[in-house]
Amino acid sequence: MSNTNSVSSSDTVDNKANDTLLHAAHVTLSESPVIISVPTTGYTSTIVIHGKTQQIVVSLKELSQDGIPHCYRKGKKLPFSQYWIPKENEWDENNHGKRVYLAGDEKKKPLLDKDKNQIGMVSVDMYDKCEMEGTCLLENGDLINIDNSTKSFIKVGGQGRRNNVFGLGSGSQNLVPFVSVAVNDIPLGKTLYIEKLDGLDLDGQQKHNGCVRVDDDSWSFDSCQIDFFVLSYVDYLWLNLDEKVSVEVKDCQVKNYVTRNHLAHVKASTDQSIIPSLLDAKYQP
């Protein structure tokens with residue numbers, strides 16, 4: 001999520017890491033840090049300006065000639081996490097890895113939309129999971145997404161829905177289980193090949209082909225990390241994937257792994273005729 005601040009004329013900052021001059025922007029100082037991406041030859045630099053101290057911190061991220069960070073080169077390993085749709089009245093784990101029950105009878109915290117209207121009331125643990133995972137399912141079948149902010153939410157559909165079945169990515173593309181990944185430094189729509197996923201048994205009947213697609217990004221981590229959408233907490237536990245994998249940015253063909261059981265799990269329509277369209281489904285209000 002971006003932080004909006006006024007930006008004016010440019011200045012320069014001496015960068016002794018690679019003996020070049022980086023162009024920083026003047027900003028209106030505020031209590032919150034201001035983050036600016038600064039392109040330089042061979043690098044993308046991030047300048048963080050803290051309003052109180054006016055301290056400037058520059059971090060460098062090496063890019064290849066095609067603009068893709070070198071961490072995505074074949075053979076290099078990077079953090080590989082998973083996310084899923086937490087469900088009310090089911091077991092999950094909190095942001096510290098502790099097992100929690102997302103009780104539906106302990107409704108203490110409201111889910112508010114951008115206009116401060118309440119669209120749901122949930123437990124504190126459930127609220128935290130909705131915020132962290134970006135999508136969550138209420139007991140009544142309402143599917144909730146964060147709405148361009150971790151403090152506001154949107155209802156994208158109810159029980160029996162045929163659209164927005166698994167929630168929304170960061171663009172117009174809906175999330176697709178075992179296909180969508182959240183990445184912060186690769187363009188939306190790009191396909192990636194993850195060798196560790198190739199041949200992975202998903203449900204005893206389907207095997208993954210290793211190809212995934214960037215449909216999402218994340219506020220909870222920075223660059224050079226892959227967050228893989230696995231639908232449920234049970235899938236996360238059962239798959240037991242490696243914490244680091246090598247990833248290659250390449251053209252590959254994503255597959256549709258959605259089954260009727262997946263539709264039932266998220267309380268969507270179980271009409272199997274909708275399954276072929278879900279691979280490329282776009283958000284529908």
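Numbering of residues begins at 1 and proceeds along the displayed sequence. Nothing here was measured: the structure is a model prediction, and the numbers come from that model.
- Considering only heavy atoms from C-beta on, I226 stays 4.5 Å or farther from V245 through its side chain.
- Using modelled atom types, one finds no donor on one side chain facing an acceptor on the other under 3.5 Å when comparing S218 with D227.
- Using a cutoff of 4.0 Å between basic side-chain nitrogens and carboxylate oxygens, E139 and K267 are scored as salt-bridged.
- At distances below 3.5 Å, not a single donor-acceptor pair connects side-chain atoms of Q272 with backbone N or O atoms of R260.
- Inspection of the Y233 and E93 side chains reveals an N or O donor paired with an N or O acceptor under 3.5 Å.
- A donor-acceptor contact shorter than 3.5 Å links the side chain of T191 to the backbone of K250.
- Between the Q173 side chain and the A281 main chain, a donor and an acceptor come within less than 3.5 Å of each other.
- Residues Q225 and S81 have side chains that bring a donor and an acceptor to within less than 3.5 angstrom of each other.
- Under the 3.5 Å distance criterion, with hydrogens and angles disregarded, a donor-acceptor pair is assigned to the side chains of N145 and T135.
- In this structure, the side chain of D203 engages the main chain of Q206 through a donor-acceptor pair within 3.5 Å.
- D215 contributes no side-chain N or O that, together with a main-chain N or O of L175, makes up a donor-acceptor pair within less than 3.5 Å.
- Looking only at distances, a side-chain donor or acceptor of K87 sits under 3.5 Å from a matching main-chain atom of H265.
- Remark: the S273 side chain and the D271 side chain contain an N/O donor-acceptor pair separated by less than 3.5 Å.
- Distance alone, capped at 3.5 Å, is enough to place a donor-acceptor pair between the N94 side chain and the H96 backbone.
- Note that K244 lies outside the cation-pi zone of F80, set by a 6.0 Å cut-off to the ring centre and a 45° limit from the axis.
- With H262 as the fixed residue, the ring-ring contact (aromatic ring centres under 6.0 Å, His included) test singles out one of Y257, F166, F178: F178.
- Y101 and D92 are not linked by any side-chain donor-acceptor pair at a separation below 3.5 angstrom, with hydrogens and angles left out of the test.
- A salt bridge is absent between D125 and K108; no separation between the charged side-chain nitrogens and carboxylate oxygens falls under 4.0 Å.
- Crowding of D251 atom CG: a count of heavy atoms from other residues, nucleotides or ligands under 6.0 Å not exceeding 12.
- The closest donor-acceptor contact from the side chain of D185 to the backbone of S223 lies at 3.5 Å or more, if one exists at all.
- Around CD of Q118, the count of heavy atoms belonging to other residues, nucleotides or ligands within 6.0 Å exceeds 12.
- No more than 12 heavy atoms of other residues, nucleotides or ligands shown are found within 6.0 angstrom of NZ on K190.
- With hydrogens and angles disregarded, a donor-acceptor distance shorter than 3.5 Å links the side chain of N256 to the backbone of I275.
- Using a 30° and 60° split on the angle between ring planes, F153 and Y127 fall in the perpendicular class, above 60°.
- D216 is not listed as a side-chain neighbour of F229, based on a closest heavy-atom distance of 4.5 Å or more.
- A donor atom on one side chain and an acceptor atom on the other are not found under 3.5 Å apart for N209 and Y193.
- Between L239 and L200 the shortest side-chain heavy-atom distance falls below 4.5 Å.
- Side chain of D217 to backbone of A182: no donor-acceptor contact under 3.5 angstrom is found.
- Under 4.0 Å is where a charged nitrogen must lie from a carboxylate oxygen, and between E88 and K107 at least one such pair does.
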